[in-house]
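No experiment lies behind these values; they were computed from the predicted model shown. If you read the sequence from its start, that first residue is 1, and numbering goes on from there.
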Amino acid sequence: MERTAVEGATGSVPEPGEAGLPDVAGLLDGMPRQRGPLSATTTSAIAPSVVAPTAIATTATAPPPPAPAITEATAPSRPRAVRPWHLLPTPTGTPFTLAYAAVLTVTSLVATYADAALVHALHQGSSTDVAHLVQRPVLVLVASALWVAGGIVTPYTLCFLLVLTALERRIGSARTAVVFLAGHVLATLATEVPVGLAVLVGHLPASSLHRLDYGISFGVAASIGALAGLLRPWLRWPVLALFGGMLIQDLIDFTDPLTNWGHLIALVIGIAMWPVVRRWRGSESIALG
């Protein structure tokens, strides 16, 4: 073996066996691989049998490339599972609708099984007629929404459960209550104030000031109108056409024009709230996410 001079050194590396040094050439194969790029001299000094296993070992132990992260945008879309129990109120999902339904159940049982004179007095005291609205407006506006006109087994009761449940799951409990009360209060005032004015100018008798008026139908109509704005177009327009057509037919029949006008007004109030409920739905989705 020829001597290899170390660059920058004053001497040279002695051959193994010289100056009493032991022969350690056989130990070079066991030296660990050094960090950094190898120089040409060092690479040529290493036997091919040493380089090949090292390269193989390096290739074998190299970690596999990380799998691409699956994000919401790249994840395959799956159809949303249909959950029939979401159509009805639950304690955690729709507490407002469930509690309200429980109150309506109690008042409906009272209206069914209590003495007729007592029930009439309760209805009369809860009526949102002009006389009561002038005397105690807040009390009667709240009390009138605690009764179901015609009993618990009515189409509006079924609409109440389905519509308010769907609306509350989309915008939350407090906002659902706001939509319901907005329809109930505004439609009531829109129908009763003209009655009071008509009595003042002599177009209606004074008995019209005590017209019996209570129930949840105005609030339900407004909730249907608001919920339609959150549905897909293929479902939104049939719902509005079906419900609106039914209200128009009631108005044509002229059985109770004041109440029928109130239903249409409440539906329009709910439709007018589309920008608000859509914004509420967006904020509700962010909060839940």
Side-chain angles (χ1 to χ4, degrees), residues 101 104-105 107-112 114 116-117 119-134 137 140-164 179-228 237-272:
L104 293 176
T105 301
T107 57
S108 297
L109 291 175
V110 171
T112 302
V119 173
H120 179 72
L122 291 174
H123 285 167
Q124 190 66 48
S126 304
S127 175
T128 51
D129 52 53
V130 177
H132 284 138
L133 286 174
V134 172
V140 293
L141 283 171
V142 173
S144 64
L146 303 180
W147 302 93
V148 179
I152 195 69
V153 186
T154 62
Y156 274 101
T157 303
L158 180 61
C159 287
F160 171 87
L161 289 176
L162 296 179
V163 171
L164 264 72
V179 172
F180 184 91
L181 288 176
H184 175 71
V185 173
L186 296 179
T188 298
L189 295 177
T191 52
E192 293 296 340
V193 170
V195 171
L197 296 177
V199 171
L200 285 178
V201 299
H203 289 171
L204 288 176
S207 60
S208 300
L209 299 177
H210 303 278
R211 172 183 172 272
L212 195 61
D213 187 15
Y214 64 91
I216 61 171
S217 58
F218 290 172
V220 172
S223 300
I224 292 175
L227 176 64
W237 303 117
V239 167
L240 289 178
L242 180 63
F243 186 67
M246 182 184 69
L247 298 184
I248 293 174
Q249 184 60 48
D250 291 341
L251 191 59
I252 294 174
D253 294 339
F254 211 71
T255 54
D256 188 357
L258 201 62
T259 300
N260 296 334
W261 273 115
H263 291 157
L264 279 175
I265 293 171
L267 179 64
V268 172
I269 291 172
I271 294 174

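In this structure, Thr107 OG1 and Leu146 CG are separated by 6.5 Å, a value rounded to the nearest 0.5 Å. The distance from atom CG of Leu209 to atom NE2 of His132, rounded to the nearest 0.5 Å, is 11.5 Å. Residue Leu247 holds its CG atom at 8.0 Å from CD1 of Ile224, rounded to the nearest 0.5 Å. In this structure, OG1 on Thr259 lies 5.5 Å from CG on Asp213, to the nearest 0.5 angstrom. The line from OG of Ser207 to CG of Asp129 is 11.0 Å long, rounded to the nearest 0.5 Å. In this structure, Ile152 CD1 and Thr105 OG1 are separated by 4.5 Å, a value rounded to the nearest 0.5 Å.
Taking each heavy atom of Ala266 and Phe218 in turn, the nearest pair found is CB-O, 3.2 Å. Nearest heavy atom pair, residue His210 against residue Gln124, reads O-NE2, 3.9 Å. Nearest heavy-atom pair, Val119 versus Val110, reported as atom, atom and distance to 0.1 Å: CG2-O, 3.6 Å. Here the shortest heavy-atom pairing between Ala226 and Val179 reads CB-CG1, 3.7 Å. Shown here for Tyr214 and Ala149, the closest heavy-atom pair between the two residues is CE1-CA, 4.0 Å. Among all heavy-atom pairs drawn from Trp261 and Thr191, the shortest one is C-CG2, 4.5 Å.
The shortest distance between side-chain heavy atoms of Val199 and Val130 does not fall below 4.5 Å. Trp147 places none of its side-chain heavy atoms less than 4.5 Å from the side chain of Ile216.
Distance alone, capped at 3.5 Å, places no donor-acceptor pair between the Ser126 side chain and the His123 backbone. The backbone N or O of Asp250 lies less than 3.5 Å from a partner atom in the side chain of Asn260, making a donor-acceptor pair. Using modelled atom types, one side-chain atom of Ser223 and one backbone atom of Gly219 make a donor-acceptor pair closer than 3.5 Å.
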Verdict with supporting geometry, Leu133 and Leu141, side chain to side chain contact (heavy atoms under 4.5 Å, CB included): CA-CA 8 Å; Leu133 286 174; Leu141 283 171; 4.1 Å; yes
Chi angles and distances behind the side chain to side chain contact (heavy atoms under 4.5 Å, CB included) call for Leu227, Val239: CA-CA 10 Å; Leu227 176 64; Val239 167; over 6 Å; no
Step-by-step side chain to side chain contact (heavy atoms under 4.5 Å, CB included) determination, Leu197 to Val201: CA-CA 6 Å; Leu197 296 177; Val201 299; 5.9 Å; no
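Aromatic rings of Tyr156 and His263 (six-membered ring for Trp) have centroids within the 6.0 Å cut-off, being under it.
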